[in-house]
Amino acid sequence: MFRRKIAVIVTLIVLCGVFSRVKAQGRKFGRLNSLRLSESVVRGNSNLSILTVLGYRYQFSEELKVGADFGYHSGTYDDHKVKEFNGAASIDFTYSHGRTVEFYGSVGAGYGLFTDILANKFSYQFNPLAMRIGNGSIAGFAELGWGYRGLLTAGLAYKF
């Protein structure tokens with residue numbers, strides 16, 4: 001589990017460098033991009049487990065961000081230990097933003113793959129209330145909603 005977290009952090013750092021170079025070339029519409037790393041507690045049939053999600057957001061306007069989330073978690077379903085990989089498209093809509101606090105909602109949909117039982121499933125996430133706190137490049141966020149990420153998601157975001 002520790003190795004997996006190290007691998008996710010290294011991947012996040014590499015992606016920050018790649019996306020920073022793309023931004024340096026200049027774009028007409030996307031003014032701000034962000035990478036997000038979050039964890040949430042999800043419940044299987046008999047236990048709780050941690051879902052780790054790496055996400056990317058491309059900001060089209062002050063109110064609208066579009067991106068993708070990729071998640072991984074292992075847990076127990078129907079007495080089988082399974083690993084689940086998720087990929088989902090996501091849309092964030094900002095309700096209100098100040099210098100350090102931003103309130104937004106998000107919706108996402110995609111697919112989940114359970115490797116040990118070879119099953120696919122439609123996955124969704126709806127977060128009507130979410131908050132981002134930070135005024136620089138790095139900020140924390142918390143999202144309240146329901147779907148494949150569970151009821152409460154928290155993490156860090158890096159804007160560039």
Side-chain angles (χ1 to χ4, degrees), residues 1-2 4-44 47-75 84-112 122-160:
M1 183 147 164
F2 181 71
R4 178 175 56 94
K5 288 188 181 196
I6 295 295
V8 168
I9 291 169
V10 169
T11 303
L12 181 64
I13 291 169
V14 169
L15 288 174
C16 287
V18 169
F19 289 125
S20 293
R21 289 180 188 226
V22 169
K23 183 187 177 227
Q25 295 174 0
R27 291 188 197 151
K28 188 172 182 175
F29 298 108
R31 297 187 321 237
L32 188 66
N33 300 292
S34 65
L35 286 173
R36 304 157 33 107
L37 180 64
S38 63
E39 290 195 349
S40 55
V41 177
V42 294
R43 182 172 177 84
N47 67 349
L48 296 175
S49 59
I50 301 294
L51 171 68
T52 302
V53 177
L54 178 64
Y56 170 76
R57 298 293 184 271
Y58 181 83
Q59 185 169 352
F60 283 98
S61 67
E62 285 192 32
E63 295 85 21
L64 183 66
K65 296 177 191 166
V66 177
D69 292 323
F70 302 96
Y72 167 81
H73 104 283
S74 61
E84 180 181 2
F85 296 90
N86 290 298
S90 179
I91 298 173
D92 297 358
F93 183 79
T94 302
Y95 303 131
S96 170
H97 53 86
R99 292 180 64 188
T100 58
V101 178
E102 176 181 299
F103 292 98
Y104 63 95
S106 67
V107 63
Y111 277 99
F122 173 75
S123 59
Y124 66 93
Q125 182 69 33
F126 175 64
N127 298 317
L129 183 59
M131 178 174 62
R132 181 183 189 280
I133 300 174
N135 60 356
S137 295
I138 296 179
F141 65 91
E143 300 172 340
L144 181 64
W146 57 89
Y148 75 95
R149 284 189 273 164
L151 183 65
L152 181 64
T153 302
L156 294 174
Y158 172 73
K159 285 185 175 182
F160 55 94

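Note that this is a predicted model, so its numbers are computed, not measured.
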Q | Counterpart residues, side chain to side chain contact (heavy atoms under 4.5 Å, CB included), relative to F126 (two or more places apart) | A | V107, P128, W146
Q | Ring centers of Y58, Y56 separated by less than 6.0 Å | A | no
Q. What residues, two or more places apart in sequence or in another chain, satisfy side chain to side chain contact (heavy atoms under 4.5 Å, CB included) together with A130?
A. Y104, E143
(Q) Between L156 and R36, does the side chain to side chain contact (heavy atoms under 4.5 Å, CB included) criterion hold? Intermediate values first, please. (A) CA-CA 6 Å; L156 294 174; R36 304 157 33 107; over 6 Å; no
Q: Compare every heavy atom of A139 with every heavy atom of G134, then report the nearest pair and how far apart it is.
A: CA-CB, 3.8 Å
Q) Would K159 and R132 satisfy side chain to side chain contact (heavy atoms under 4.5 Å, CB included), going step by step from the backbone distance to the final call? A) CA-CA 12 Å; K159 285 185 175 182; R132 181 183 189 280; 3.2 Å; yes
Q.
Which label fits Y124 and F122: parallel for a plane angle under 30°, tilted from 30 to 60°, or perpendicular past 60°?
A. parallel
Q: In sequence, state the C-alpha distance, the side-chain angles, and the governing distance for N127 and L144, and then conclude on side chain to side chain contact (heavy atoms under 4.5 Å, CB included).
A: CA-CA 5 Å; N127 298 317; L144 181 64; over 6 Å; no
Q. Is the side chain of Q125 donor-acceptor paired with the backbone N or O of G108 at a distance under 3.5 Å, no angle test?
A. no
Q | Qualifying residues under side chain to side chain donor-acceptor pair (under 3.5 Å), relative to N86, sequence neighbours excluded | A | E84
**Q.** Contacts of T153 that satisfy side chain to side chain donor-acceptor pair (under 3.5 Å) - sequence neighbours left out
**A.** none
Q. For F85, which residues count as a side chain to side chain contact (heavy atoms under 4.5 Å, CB included) partner, sequence neighbours excluded?
A. Y72, K83, T115
Q) Of all residues at least two apart in sequence or in a different chain, which pass the salt bridge (Lys or Arg N to Asp or Glu O under 4.0 Å) check with D92? A) R57
Q) Looking at N135 and R99, what are the two nearest heavy atoms and their distance? A) CB-O, 3.4 Å
Q) Which pair of heavy atoms, one from F141 and one from S38, lies closest together, and at what distance? A) CZ-CB, 3.6 Å
**Q.** Least distance between heavy atoms, D69 atom then S90 atom
**A.** OD2-CB, 3.9 Å
